[in-house]
Amino acid sequence: MTAVFAGLKVSAFLAWKTIERGNTGTLALTIMIIALIFVNLIFLPSIISGVVETFNTQSIDFDLGNIVVEPREGSQYIGGVTGLQKKIERVPGIIGTSPRIAVGVTLFYRGSNTASTLYGITPEDERSTTRIADFMTEGEFLANGDTDAIVMGAILAGREGEEGGGLPSLEGVMVGDSVEVAYPNDETRTYRVKGIFETQSFGVDTAAFVTGDEASEVLGLHDQASVILVKTEVDGREEGYKRELLSYGIQEEVWTFREKTGGVLDQAIQSFNIINTISTLVSLIIAVVVVFIVIFINTVNRRRQIGILKAIGIDQQIIINSYVLQVLFITAVGALAGIVLAAGMTAYLTAYPLVFPGGPVYPVVETSAVLRSIASLFAVSVLAGYIPAWQVAREDILSAIRG
Amino acid sequence: MIVAEDLTRVYTMGRVKVRALGGVSLTVARGEFVGIMGASGSGKSTLLHILGLLDRPDSGSVTIDGTDVLALSDHRRTLFRLNRLGYVFQDYALIGELTALENVYLTSLVRGDQKEEYLGKSTEILRRVGLGDRINHRQSELSGGEQQRVAIARALVNNPSILLADEPCANLDSQTSKSILDLFARLNEELDQTIVMVSHEDWHKEYFCRVVTLRDGLIEEVTECRRA
């Protein structure tokens, strides 16, 4: 044990002196490459996590709430909505419910028209469940009792002279303007635009809202809804709340927002993960090559010196370990520098987020991703440092001395 | 004491077999300063490498202070070299990143010596070889002679039974060579240090107690103690 400790002490001594007094330019360059590889290892996962986070937040805040209650199979609408709302709100941890009537409509404005989804909502309930009302860019959100008012997303409202580029757009609707809405049952209504909102979620910003009373009246519905959005006190425990709701005897279809969005998000994440895997592999291969070359050149140039060290009684494992310790130092400082760079990158992208169709994406650096990156970087670096050191150190003493 | 008996060593170079040693027997007593001389290719370095446990003979035996060193495992041979032998090479073979003092105490570190002990020993041995004021200089800041003195100090720091030197003056001018040989002679006389040294310079003979001359892998001549 003492011999092992003494050996490690000598390895550390040789490694440190080489780092301290060796070529600082090569050392700095190697550390910088490792730092950049580290940043690359955590950049894509942080963006993927950011996309997932944004998608989830946008879904909960604007589109679906935490849980979605839908009509039983074979029914178009949920009946007895008021009673069902009360039943749902009795479940501990449920802090809001918002029944929505969803209908495909055509909107007309000054000669232009576009198809979109119109939701009939109870404004007060919607405020307790989603955050759309907090994102009004012009005018106001709907109030209970509004019958001739409509609010719409910024994309649907559009801008004068600009086409929607494939998205529904009325090309410049302003607050106070009147728009005509043609319902699928051939009823047509004219509404005054009360407000325009912008959530940066494409699905929401291309939709419009009127009150549920108005939609029910036009569609001839009574205490019915296409869907009830449910807001829970805590995000992330939707499965538990769903089981609770079902245990309260709710007969309708109950979905968590993840179940509703899973397919789309899973596909996107799968694609991202393929890119991430390729990027990770390339990064790690670069790390292997860089460390291998640095240590290989170092050991080959010192082949004779390594032979001499062995000749004077220094065990080859001490020599190998000194190179491994150098690699550990380079990787540790490189990872540390990488963390600083990644923190800078994260701060920048938090201030100036990437804009995706689902909304602004902020990088989410997960501790597990950082730990995984550090672990993989250390593993490949140590391996890449050990092999050339082992190759040269195991060489016959006289062959090494003769160079 | 070294007892080598009937050592043979054949190297295979491609299809050609080269006989480096053809049955050499040699005994080196404690405190002797033995010179191994001969023309290039006579087998002198091969003999030194076998005596220094850097190579193995094809046949024969080597006993150092009663230990059959050819029977030792590689690990034991490494420990034997560390604890019992000291080496001085032609081109000094110092570690460039280390100071003179660090180069000298490196093997003491491996032995697990205490810091005060190895610092004291290394400083003293450097002073003894005339480098007391150069201990914190690195290889690039030392002359060839000074570097060789550091190498000698490194070889001596653990009080080896035998000091093996492979043409230690080959890269030095005659003045510096003389100072190195004077140092060897002084160590031999004052510390009773056993030294086996390979050389091809005739004028070095005056320093040796005994000269073993090799020719074509065999001992051609043994000249007893020329030095008074």
Side-chain angles (χ1 to χ4, degrees), chain A residues 1-27 295 297-299 301-323 325-326 329 390 392-403, chain B residues 9 11 20 45-46 48-50 52-56 73-99 101-115 118 138-141 151 154-158 160 163-164 166:
Chain A
M1 197 64 194
T2 314
V4 173
F5 181 72
L8 277 176
K9 202 171 152 188
V10 179
S11 299
F13 173 77
L14 288 171
W16 177 244
K17 294 298 174 189
T18 307
I19 288 162
E20 191 186 17
R21 296 170 186 166
N23 188 323
T24 47
T26 308
L27 181 70
I295 299 299
I297 291 173
N298 206 329
T299 48
N301 284 342
R302 291 162 188 253
R303 197 170 155 214
R304 180 167 161 71
Q305 181 179 294
I306 288 170
I308 301 286
L309 286 173
K310 286 172 70 180
I312 64 173
I314 294 178
D315 192 83
Q316 73 174 39
Q317 199 56 46
I318 291 176
I319 299 164
I320 295 170
N321 288 346
S322 79
Y323 284 99
L325 287 173
Q326 283 180 56
F329 175 84
W390 173 75
V392 176
R394 68 194 275 267
E395 194 178 20
D396 170 61
I397 293 175
L398 288 178
S399 304
I401 288 175
R402 287 174 187 140
Chain B
R9 183 73 170 103
Y11 292 113
S45 286
T46 303
L48 190 84
H49 292 152
I50 290 172
L53 279 66
L54 302 180
D55 196 7
R56 288 178 186 271
S73 66
D74 282 349
H75 179 63
R76 291 270 173 208
R77 284 161 70 87
T78 303
L79 288 178
F80 196 92
R81 289 196 299 271
L82 176 70
N83 294 314
R84 309 287 286 277
L85 306 178
Y87 291 90
V88 179
F89 294 95
Q90 191 172 315
D91 63 353
Y92 335 126
L94 301 179
I95 298 175
E97 288 87 14
L98 304 185
T99 64
L101 183 64
E102 289 163 348
N103 266 291
V104 172
Y105 71 59
L106 183 62
T107 51
S108 303
L109 270 183
V110 181
R111 284 156 57 97
D113 292 351
Q114 292 298 309
K115 190 174 182 181
Y118 68 67
R138 284 163 62 184
Q139 185 176 13
S140 57
E141 299 161 340
R154 179 177 66 183
L156 291 172
V157 72
N158 294 325
L163 180 66
L164 300 140
D166 190 1

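Please read all numbers here as calculations on a predicted model, not as lab measurements. Note on naming: letters A, B, ... go to the chains in the order of the sequence lines (proteins, then strands), and numbering restarts at 1 for each one.
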Q: Please flag which part of A:I312 lies under 4.5 Å from any non-hydrogen atom of chain B: side chain, backbone, both or neither.
A: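 Answer is both: backbone and side chain atoms of A:I312 are under 4.5 Å from chain B.
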Q: Measuring heavy-atom distances to chain A, does B:R77 have an atom under 4.5 Å in its side chain, in its backbone, in both, or in neither?
A: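 No part of B:R77 comes within 4.5 Å of chain A.
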Q: Among the options B:L79, B:L164, B:D91, B:D74, pick out the one with the most heavy-atom pairs lying under 4.5 Å from chain A.
A: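 Among B:L79, B:L164, B:D91, B:D74, the one with the most close pairs to chain A is B:D91.
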Q: Could you tell me which portion of A:I397 (side chain, backbone, both or neither) has an atom closer than 4.5 angstrom to a non-hydrogen atom of chain B?
A: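 For A:I397, the contact with chain B is made by the side chain alone.
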Q: At their closest point, which heavy atom of B:L94 faces which heavy atom of A:Q305, and how far apart are they?
A: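 The pair with the smallest heavy-atom distance is O-OE1, 3.8 Å.
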Q: Is it the case that more than 12 heavy atoms not belonging to B:Q114 sit under 6.0 Å from its CD atom?
A: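 No.
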Q: How about B:R56: does its CZ atom have over 12 heavy atoms from other parts shown lying under 6.0 Å from it?
A: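 Atom CZ in B:R56 is packed in, count exceeds 12.
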Q: Does any non-hydrogen side-chain atom of B:D55 lie less than 4.5 Å from one of A:D396?
A: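 The answer is no, as the side chains (C-beta and beyond) never meet within the 4.5 Å cut-off.
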Q: Looking only at heavy atoms, which two atoms of A:R21 and B:R138 are closest? And how far apart?
A: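 Taking every non-hydrogen atom into account, O-NH2, 3.4 Å.
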Q: Between B:T107 and chain A, with a heavy-atom cut-off of 4.5 Å, which part of the residue counts as in contact: side chain, backbone, both or neither?
A: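 Just the side chain, heavy atoms under 4.5 Å.
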Q: Are side-chain heavy atoms of B:T78 and A:K310 found at a separation under 4.5 Å?
A: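 Not in contact.
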Q: Under a 4.5 Å heavy-atom cut-off, does chain A meet the side chain of B:T99, its backbone, both or neither?
A: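 Contact with chain A involves both backbone and side-chain atoms of B:T99.
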Q: With a 4.5 angstrom heavy-atom cut-off, which part of B:Y92 approaches chain A: side chain, backbone, both or neither?
A: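 Contact with chain A is absent: no heavy atom of B:Y92 under 4.5 Å.
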Q: Just so I know, are the side chains of A:L309 and B:L106 near enough to count as touching, which here means a heavy-atom distance under 4.5 Å?
A: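 The answer is yes; the side chains approach within 4.5 Å.
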Q: Name the region of B:L85, side chain, backbone, both or neither, that has any atom closer than 4.5 Å to a heavy atom of chain A.
A: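 No part of it gets close to chain A.
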Q: Hey, are the side chains of B:I95 and A:T18 touching, using non-hydrogen atoms and a 4.5 Å cut-off?
A: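 Contact flag for B:I95/A:T18 side chains = no.
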